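Worksheet: one structure, shown below.
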Amino acid sequence: MYYTQVSFPMGKILLIKSNKGLSIAKYLKAPNEAGKLLSFLKNSSFTLKENDKLFKPEKELFYEYFNGKQTDFTCVPIDFISGTPFQKKVWLETRKIPYGKTEAYKSIGEKLGQKGFQSIGQALSRNPLIIIVPCHRVLKSDGTLGGFSAGLKLKDYLLRLEQGNVPI
DNA sequence: TACATAAGAATAG
DNA sequence: CTATTCTTATGTA
């Protein structure tokens, strides 16, 4: 397992990948959060090494994205190291939402043939791949933001970024 | 329009 | 089994 960090105007993102693909993309609210997460993973019998070169393609995509360009993350190989089958289904479906578009929690459920909309939000709250899986494009059915585990500030920022109204 | 509340599916502990 | 969650629909004023 390898890791690196990407900086952007709202903070930093910790990236972790296995030999198969990207496993975690976590927004760091506090500077010490990276260390906490890394030591937690080391205790879970993962061997972690820092390796910036390995993330070159991903980093370039992030830089493009935060530059306001329409970026497609669907070609990035991913490798879930956690999550139930249901959660993975939700994440994969969410990943198909195109740049700049939004969906309701309920309509995600309908696409999956799932009756529960509450569990969609619950699954998305455990999304390990922020931005790669664009959970910020999922809104409540009335178009308001709803919740966001990484902070509504960030959700608002990402949505406005895709709308072309970069807030600073 | 705004606020309270019931229903609802899946998961973590 | 109970509590929790990035919800939705309905009722009341």
Side-chain angles (χ1 to χ4, degrees), chain A residues 1 5-6 8-16 18 21-34 36-46 58 61-62 65-66 68 70-74 76 78-167:
Chain A
M1 305 282 284
Q5 288 186 39
V6 183
F8 72 109
M10 295 294 275
K12 283 187 174 182
I13 295 173
L14 175 67
L15 297 178
I16 298 179
S18 69
L22 210 56
S23 298
I24 293 179
K26 189 178 180 354
Y27 174 62
L28 302 176
K29 282 183 259 188
N32 61 334
E33 248 189 291
K36 271 164 48 180
L37 183 58
L38 288 173
S39 54
F40 170 76
L41 288 170
K42 280 179 185 170
N43 289 335
S44 336
S45 73
F46 285 113
E58 287 88 350
L61 285 176
F62 274 108
Y65 180 79
F66 290 121
Q70 180 167 333
T71 309
D72 181 20
F73 286 98
T74 56
V76 177
I78 57 180
D79 178 32
F80 295 125
I81 57 175
S82 66
T84 64
F86 170 74
Q87 287 171 339
K88 289 176 190 172
K89 273 200 304 187
V90 175
W91 296 335
L92 290 176
E93 187 62 39
T94 303
R95 203 175 179 224
K96 293 180 194 164
I97 303 176
Y99 188 96
K101 289 231 174 186
T102 60
E103 284 273 6
Y105 294 97
K106 191 185 172 186
S107 58
I108 301 279
E110 282 168 359
K111 283 186 182 175
L112 293 174
Q114 207 79 25
K115 291 169 193 168
F117 35 80
Q118 300 90 339
S119 38
I120 304 293
Q122 197 262 19
L124 285 176
S125 76
R126 293 178 162 66
N127 171 23
L129 292 167
I130 190 170
I131 298 179
I132 309 288
V133 174
C135 51
H136 56 279
R137 295 187 192 136
V138 187
L139 309 179
K140 301 209 314 189
S141 62
D142 60 3
T144 53
L145 291 188
F148 198 57
S149 70
L152 280 173
K153 261 189 325 188
L154 185 63
K155 184 167 186 172
D156 183 58
Y157 172 81
L158 293 173
L159 284 171
R160 285 203 269 172
L161 180 65
E162 299 190 1
Q163 240 64 187
N165 303 317
V166 185

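Residue numbering restarts at 1 for every chain, and letters A, B, ... go by the order of the sequence lines. Everything numeric here is computed off the predicted structure, so don't read it as measured data.
Side-chain atoms of A:C135 lie closest to C:dC6 of the nucleotides C:dC6, B:dA9, C:dT8. With C:dT7, B:dA12, C:dA9 as the choices, the nucleotide that has an atom nearest any side-chain atom of A:Y105 turns out to be C:dT7.
Backbone-only engagement by A:G116 is indicated by non-hydrogen atom pairs under 4.0 Å involving sugar-phosphate atoms exclusively.
Going from atom CH2 of A:W91 over to atom C1' of C:dC6 covers 14 Å, rounded to whole Å. Atom P of nucleotide C:dT5 and atom CZ of A:F148 are separated by 16 Å, given to the nearest angstrom. Computed from coordinates, the A:D142 CG to C:dA9 C1' distance equals 11 Å when rounded to whole Å. Separating the NZ atom of A:K106 from the C1' atom of C:dT10 is a distance of 13 Å, rounded to the nearest angstrom. Across the protein-nucleic acid pair, A:R126 atom CZ and C:dT4 atom P stand 13 Å apart, rounded to whole Å. Remark: P of B:dT11 and CG of A:N127 are 15 Å apart, rounded to the nearest angstrom. The separation between A:L159 atom CG and C:dC6 atom C1' is 12 Å, rounded to whole Å. Here the C1' atom of nucleotide C:dC6 and the NZ atom of A:K153 are 17 Å apart, to the nearest Å.
For A:K115 and B:dA10, the shortest distance from a side-chain N or O to OP1 or OP2 is not below 4.0 Å. Within the 4.0 Å cut-off from OP1 or OP2 of B:dT11, at least one side-chain nitrogen or oxygen of A:T84 is found. Between B:dA10 and A:S119, no contact under 4.0 Å exists linking OP1 or OP2 to a side-chain N or O.
As the counterpart of C:dC1, B:dG13 is assigned, both hydrogen-bonding distances of the Watson-Crick or G-U wobble pattern falling under 3.5 Å. Using Watson-Crick or G-U wobble geometry with both donor-acceptor distances under 3.5 Å, C:dA9 finds its partner in B:dT5.
The CH2 atom of A:W91 lies 16.0 Å from the NZ atom of A:K96; values are rounded to the nearest 0.5 Å.
Judged purely by distance below 3.5 Å, without hydrogens or angles, the side chains of A:Y105 and A:Q118 never pair a donor atom with an acceptor atom.
Centroid-to-centroid, the aromatic rings of A:F8 and A:Y65 stay 6.0 Å apart or farther.
Shown are A:R137, A:K101, A:Q70; of these, the side chain to side chain donor-acceptor pair (under 3.5 Å) with A:E162 is made only by A:R137.
Annotation: side chain of A:Y27 is not in contact with side chain of A:I131 (no heavy-atom distance under 4.5 Å).
Mapped onto DNA chain C by nearest heavy atom, A:S141 and A:Q122 fall at different nucleotides, with A:Q122 at the one closer to the 5' end. Remark on DNA chain B: of its neighbouring residues A:Q87 and A:Q118, the 5'-side contact belongs to A:Q118, judged by nearest-heavy-atom nucleotide.
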